[in-house]
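Chain letters run A, B, ... following the sequence lines, proteins first, then strands; residues in each count from 1. Given the structure is predicted, the values throughout are model-derived calculations rather than measurements.
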Amino acid sequence: LQAIDPDVLLAHNLHRFHIELLLQRISATGVKHWSRIGRLRKTKMPTSHPVDRGAACGRLLCDTWVSAKELVHEKTYTLTELARTRLSITRQEIDPRQTPAKMRTSLGLLEMIDNACKDSWITFELMFTLAILPLTRQLTELCGNLWIRSLQSRRAERNEYLLLHEFHKKKFIVPEPYTKREKMRLKGSTESSSSSRKKAQYSGGLVLEPKKGFYEKLVLLLDYASLYPSLIQEYNICFTTVKHWELGEDEIPPEPNRNTESVLPSVIGHLLKRRRAVKSLLKDERNPDLRTSLDIRQKALKLVANSMYGCLGFENSRFYCKPMAALITALGRKSLTTAKEKAEMTLYDPPVEVIYGDTDSIMVHTGIDDLAKARKIGHEIRKIVNKPFRFMELELDAIYKDMLLLRKKKYATNVVIERDGKVILEREVKGLDLVRRDWCTLSKDAGNVLLDALLSGQPREEAVAKIHDYLTDLKKKLTANEIATGKFIITKGLTKDPKAYTDAKTQPHVQVALQMLKEGLFVRSGEHIPYIIVINRSGGTEASSDTSLAARAVHVSKVLRQSEKTTPKEKFLHIDIEWYITHQILPPVARLCEPIAETSPGQLAECLGLDPSKFHRTVAATASEDIDEANIELDRKDPERFSDYPREDRLPLRCRHCQLRGENDENETRKWKDIFNLEVDGAYMVRCHNQNCRCGNIDLVGDNDDIARIMNSIRVHFRPYLQRFYRRELQCDDPMCHTRTRAHWSTKCPTLGCQGNLVPMYSSSALYQQLSYYKSLFNLDEAEKRLNLERTKREEAYQIRLKSDSKAMKGIDLPLNPRDGLPKGSEKRFELLYNFVDDLMHTSGHHFVNLSNLFAFSQ
DNA sequence: CACTGGAGCGC
DNA sequence: ACGCCTGGAGGCGCTCCAGTG
């Protein structure tokens, strides 16, 4: 070191391992001048945190482990894995326990040296591939902090320095950071709770309720470019404009005055402006070296701009400001909501639908296949949303050919990419089990096969058949032991040192880590443990679930090694195939197939050779679509819920004069639906549609005779529902079991071997639903509200179009008020009918009957 | 069944 | 004024699992 005097020290895990190791060996072997590791003459060797204590000051410390974690997303960050994914190099690993043996022979020693050299080169290449030095240098130049700190990826400190310089330049006095004692006092002796993540301090981004399902028409992805930075600019959010010092706890500050430009928005604006400039340079640059360096510049500018918000919410930051962070997220939620509303306000045929959205994006189902048309819709929505903003910009980010939307933050799509006039599809999977490292490869393979089948564009039946075949075949291979051991590996990360876990005995990866420690291996927080679940070794001959899961987890190397040398002691390790099928394959597979009507968890389980009756509820319980009692109150407030009420449950009425009714004929039905659903053309709801009717297209609710007749119709129509309810028949909720019974002493299915639960075939809530439907037919107040809402929506949409588009839509229909078309006295009669149904509901008391409460005594 | 800690995603 | 010691560095939202009482 003294001779070379390097500027940079480089290693994988340098910060947490090599420096400490070097110092330790120096002191153990008594090497003099330890401080030559750095460039300052120091007398005392630091006892802990040598990097922070400046043991190597004067040199840059580049740790590829730290940098890779910040710069790229990987499953694990071992040198081996990074070499594989980033450099396509297969790195040879040496078990540290083999080291002493290798050191004893010259061949072994040579092997070790060779290995160490190769590792050095790999690390070196990795550093260049990730462009660690140029990028951190850019960040440092931007923010004015120390380069070595950028290499430690301390984002909060970077932001701190950027703001310090900026405020200093503008002659502001900046806040002193809190001392440790002050922090303690502020927190009011809140216990340290070192474990995992704290509870959220304020609310964050909005996630729209996904309309789950499988979409086969084009879906648009629209999102705000750099939402939080542009919000800061748009609303002039700054330490000087947000009155954060006047607020109570958990109060969201009012929007600041937008007419001045304050420090923070100008800093952000500056960053974004520079980035745009660099990007435009990049566009025309042909020299590949300059291109990479420009690309790094723009990436650094983006990183800094994007991390500003995060640091406002970071308690230990000098510029910590919870109210500002809370205001930014609140405005973000508002922006997302307005984007959604404006998108739905458009008038397309078929109407577009916002099916999902997360924080800064909305996904719009167009219902069409025409790419050009869909793109046009996207740009129109974009225009409408962006209209009022100065800085914020909604962009059409992608178009999906089809989409499987399972839950919040969990979906798979085929992205449409146009290259040289040709359309290519690219799979994108977000949040599903198969992108998570805590599922074994076997499980992910299955997931991928399923997605391939479902998103292939082939008919559903074929796809489902393929899936069933695949699972059946998989089961066969599993029982025949034809699957490689590697496919069973599950990986989990340690968030703290293995010994620090309070519930160590329930966590497989912690158990394995503890075992590794016992065997003299080096394991600590941040590492990822690969393990396999085996059959209980303590001699259990039958069920493998005798022992807890954690106790049956074994490190991969143990299982792998036993296949090489077959010592009888280690042959005890049998992979628990049954557990893998029931816990690693079936649940993710069942979740993927949830929106697919052509199959069911029971059928999937059967393919895997399992008793289907045991797995009817493998899909998360929340997936239940039953309307439970608690939701009734909520449902009542939603007048639109009857717009697609099943045809067979709708009330058929005849016109007194022409006997027109619309039960069978498609067109007629549609008309009648319009009549009774008080839809957009509300004025027609009480009129006969028969052009030649002698009623003269007047009203169906014309006089008291009509009232009596309609009441009677309702009574007659309702009777079968009531009877069905009182029959109290129960059926098994397992789709494979067809048991029906009137037994009510137990909720368990009486059929032998079936694990299902009995549920009412016609529940009290279904009955309530039916009554609510009748009611909705005659609720003029609700109808009026809805039509008014629709009217304002259309008017606004019209205005927007008028402004944004010179040739505005012609003949835009504004909905009428339902009361406008009512003949004299009809309003009164509607009220009578409404009250009639209301009475029916109350007198019969069906609106809150709960079967399980009713029969609770008998359980 | 409700609840918790832990993990690992999405944005 | 100086020596000595310690400890950790972006946010929240959302499943999903295993275990507990």
Nearest-Å distance for atom pair OH/C1', residues A:Tyr161 and C:dG10: 17 Å

Nucleotide C:dA9, atom C1' - distance to CG of A:Asp52 in whole Å: 10 Å

With A:Arg16, the side chain to side chain contact (heavy atoms under 4.5 Å, CB included) member among A:Asn13, A:Leu14, A:Ile19: A:Asn13

Candidates A:Ile532, A:Ile535, A:Ile533 - the one meeting side chain to side chain contact (heavy atoms under 4.5 Å, CB included) with A:Arg552: A:Ile533

Atom of A:Lys444, atom of A:Leu434 and distance for their closest heavy-atom approach: CD-O, 3.4 Å

Parallel, tilted or perpendicular: ring planes of A:Tyr161 versus A:His165, cut at 30 and 60 degrees: tilted

Selection: residues 201-208 of chain A, any non-hydrogen atom under 4.0 Å of DNA chain C: A:Gln201, A:Tyr202, A:Ser203, A:Gly204, A:Gly205, A:Val207

Sugar-phosphate only, base, or nothing, as touched by A:Ala325 at under 4.0 Å among non-hydrogen atoms: nothing

Interatomic distance, A:His528 NE2 vs B:dG6 C1' [rounded to whole Å]: 13 Å

Listed partners of A:His15 passing ring-ring contact (aromatic ring centres under 6.0 Å, His included), at least two apart: none

Where A:Leu604 and A:Ala590 come nearest, the two heavy atoms and their spacing: CD1-CA, 3.8 Å

Which protein N or O atoms sit under 3.5 Å from an N or O of nucleotides 2-5 of chain C?
none

Distance in angstrom units between A:Arg154 CZ and C:dG11 P, rounded: 15 Å

A:His509: ring-ring contact (aromatic ring centres under 6.0 Å, His included) partners, not counting sequence neighbours: none

Sequence neighbours excluded, every pair satisfying salt bridge (charged side-chain N to carboxylate O under 4.0 Å, His left out) that has a member inside residues 41-54 of chain A: A:Asp52-A:Arg154

Sugar-phosphate only, base, or nothing, as touched by A:Asn159 at under 4.0 Å among non-hydrogen atoms: nothing

d(CH2, A:Trp439; C1', C:dT15) in whole Å: 11 Å

Nearest heavy atoms of A:Pro229 and A:Asn306, plus distance in Å: CG-OD1, 3.4 Å

Show the distances under 3.5 angstrom between N or O atoms of the protein and N or O atoms of nucleotides 9-11 of chain B.
{"unit_1": "B:dC9", "atom_1": "OP1", "unit_2": "A:Arg437", "atom_2": "N", "d": "2.9"}
{"unit_1": "B:dG10", "atom_1": "OP1", "unit_2": "A:Gly431", "atom_2": "N", "d": "2.9"}
{"unit_1": "B:dG10", "atom_1": "N2", "unit_2": "A:Lys409", "atom_2": "NZ", "d": "3.4"}
{"unit_1": "B:dG10", "atom_1": "N3", "unit_2": "A:Lys409", "atom_2": "NZ", "d": "3.1"}
{"unit_1": "B:dC11", "atom_1": "OP1", "unit_2": "A:Tyr411", "atom_2": "OH", "d": "2.7"}
{"unit_1": "B:dC11", "atom_1": "OP2", "unit_2": "A:Lys430", "atom_2": "NZ", "d": "3.1"}
{"unit_1": "B:dC11", "atom_1": "O3'", "unit_2": "A:Asp360", "atom_2": "OD1", "d": "2.5"}

Nucleotide nearest A:Tyr309 when distance is taken to its side chain, options C:dG11, C:dG10, C:dC16: C:dG11

Pairing string, 5' to 3', for DNA chain C - Watson-Crick or wobble contacts under 3.5 Å, brackets [ ] where pairs cross, | to another strand: ..........|||||||||||

Residues forming a ring-ring contact (aromatic ring centres under 6.0 Å, His included) with A:Tyr531, sequence neighbours excluded: none

A:Phe314 CZ to C:dG8 P, straight-line distance once rounded to whole Å: 12 Å

A:Asn316 CG to C:dA9 C1', straight-line distance once rounded to whole Å: 7 Å

C:dG10 versus B:dG10 - spacing of their C1' atoms, nearest Å: 16 Å

Touch class at under 4.0 angstrom, heavy-atom based, for A:Gln507 against every strand present: sugar-phosphate

Test side chain to side chain contact (heavy atoms under 4.5 Å, CB included) applied to A:Lys211 - qualifying residues, sequence neighbours left out: A:Tyr215, A:Glu344, A:Glu353, A:Ile355

Side chain of A:Arg53 (C-beta onward), nearest among C:dA18, C:dT6, C:dG8: C:dT6

Note, A:Tyr356 side chain near A:Arg407 side chain (heavy atom, < 4.5 Å): no

Residue list, side chain to side chain contact (heavy atoms under 4.5 Å, CB included) with A:Ala326, at least two apart or on another chain: A:Tyr202, A:Ile252

Parallel, tilted or perpendicular, as decided by the 30° and 60° cut-offs, for the rings of A:Phe239 and A:Phe319: tilted

Contacts of A:Leu139 that satisfy side chain to side chain contact (heavy atoms under 4.5 Å, CB included) - sequence neighbours left out: A:Leu135, A:Ser150, A:Arg158, A:Ala300, A:Leu303, A:Val304

Shortest side-chain distance from A:Arg407, nucleotide among C:dA18, C:dG8, C:dT15: C:dT15

Atom-pair distance (NE2 on A:His49; P on C:dG7), nearest Å: 7 Å

Sub-4.5 Å side-chain heavy-atom contact between A:Arg155 and A:Glu70: yes

Side chain to side chain, A:Glu234 and A:Leu331, heavy atoms closer than 4.5 Å: no

Between the protein and nucleotides 19-21 of chain C, are there any N/O to N/O pairs under 3.5 Å, and if so, what are the atom names and distances?
none

A:Arg552 vs C:dA18: side-chain N/O to OP1/OP2 distance below 4.0 Å: no

Sugar-phosphate, base or nothing in reach of A:Arg149, heavy atoms under 4.0 Å: nothing

